[in-house]
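Following: one structure in structure tokens, then a few remarks.
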Amino acid sequence: MRLSPRYGREVEIEFFDRAADAVAMELLGKLLIRFRDNKPLGGMIVETEAYFGEEDPASRASKGGKIKDLMYREPGYILVYMVHANWLLNIVTGPSEKVSAVLIRAIEPMIGIPEMMDNRGVYEIRKLTSGPGKVTKALDINDEFNRYRVNSEDSPIKILYYIDYEWDEIGRSHRIGVSKDLEEPFRFYIKNNEFVSRV
DNA sequence: AGGAAGATCTACT
DNA sequence: GTAGATCTTCCTA
């Protein structure tokens with residue numbers, strides 16, 4: 001791992017216009033910032049999952065309904081929907097002619113920790129954002145965010161360069177909680193990071 | 001009306 | 001670490 005040469009800069013929109021697994025892997029080590037009333041909340045992304053199109057049985061694209069339609073928008077769009085009473089934060093990826101998306105499963109809390117703790121009603125740092133439903137609750141994110149695109153001026157969510165990880169510092173496993181998974185594992189996480197939802 | 005859905009919390013072997 | 005109850009929304013019959 002090393003500090004990214006682009007540290008602090010916003011990730012370009014082209015970054016998201018690639019297959020979900022590549023984006024999911026490279027999103028690790030990026031900063032996820034959510035601005036609430038001009039105050040930043042967030043931290044470093046430490047766990048993600050890739051979801052694909054209609055051929056992926058675990059993907060919303062294979063299920064129909066309005067979430068599917070939202071998934072067909074341009075790369076970089078925020079995609080939030082509810083599962084088991086939890087909002088889950090995704091970012092639409094590409095390439096443009098093929099649908100896919102990346103689920104943000106966990107971040108390492110860094111910015112606005114007291115506020116995030118209040119949002120969650122949890123004051124133990126390791127339990128604060130170590131799961132997709134925990135992340136959205138800590139960052140106060142819901143389906144109203146579906147109208148934003150991460151690189152647009154008015155977006156309350158931003159993705160910034162921070163740390164670059166090497167391939168051997170990244171762990172891989174099957175996606176968590178899905179009833180019908182693909183053969184290839186599509187969950188990515190930073191090894192030895194204590195804020196992943198599980199090892 | 002019924003059931004599934006990328007989850008979380010609690011309470012323990 | 002796992003087991004079971006429970007959370008809410010929306011799709012399909």
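Here is how names work: the chains are called A, B, and so on, in the same order as the sequence lines, proteins then strands, and each is numbered from 1. Heavy-atom basis, side chains included; hydrogens, waters and symmetry copies ignored.
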ask   = Listed by chain and number, what are the salt bridge (Lys or Arg N to Asp or Glu O under 4.0 Å) partners of Arg172(A), not counting sequence neighbours?
value = Glu184(A)
key: Ile113(A) with Tyr162(A), same ILVMFWY side-chain cluster at under 4.5 Å   = yes
query = Could you run down nucleotides 2-13 of chain B 5' to 3' and tag each one B, S or - for protein heavy-atom contact under 4.0 Å?
reply = ---BBBSS----
inquiry  = According to salt bridge (Lys or Arg N to Asp or Glu O under 4.0 Å), who are the partners of Glu108(A), at least two apart in sequence or on a separate chain?
reply    = none
request  = For residues 143-168 of chain A, pull every pair meeting salt bridge (Lys or Arg N to Asp or Glu O under 4.0 Å), keeping only residues two or more places apart or in separate chains.
outcome  = Glu10(A)-Lys158(A)
query = Where does DNA chain C form stems of at least three consecutive Watson-Crick or G-U wobble pairs, each pair having both distances below 3.5 Å?
reply = B:1-5 with C:8-12, B:7-12 with C:1-6
Could you pull out every donor-acceptor pair under 3.5 Å between side chains of residues 74-82 of chain A and any protein atom, sequence neighbours left out?
from	atom 1	to	atom 2	distance (Å)
Tyr81(A)	OH	Asn90(A)	ND2	3.4

task = Starting at atom NZ of Lys66(A), determine the distance to atom C1' of dT12(C), rounded to an integer number of angstrom.
result = 16 Å
message = Evaluate Ser173(A) against Arg187(A) for side-chain hydrogen bond (donor to acceptor under 3.5 Å, both in side chains), listing each step before the verdict.
response = CA-CA 5 Å; Ser173(A) 81; Arg187(A) 166 177 173 254; 2.9 Å; yes
message = One thing to verify: whether Glu47(A) and Arg198(A) come together as a salt bridge, which I'm taking to mean a side-chain N less than 4.0 angstrom from a carboxylate O.
response = no
Under 3.5 Å side-chain donor-acceptor pair for Ser96(A) and Asp17(A) = yes
task = Let me know the distance between CG of Asn142(A) and P of dT8(C), rounded to the nearest Å.
result = 15 Å
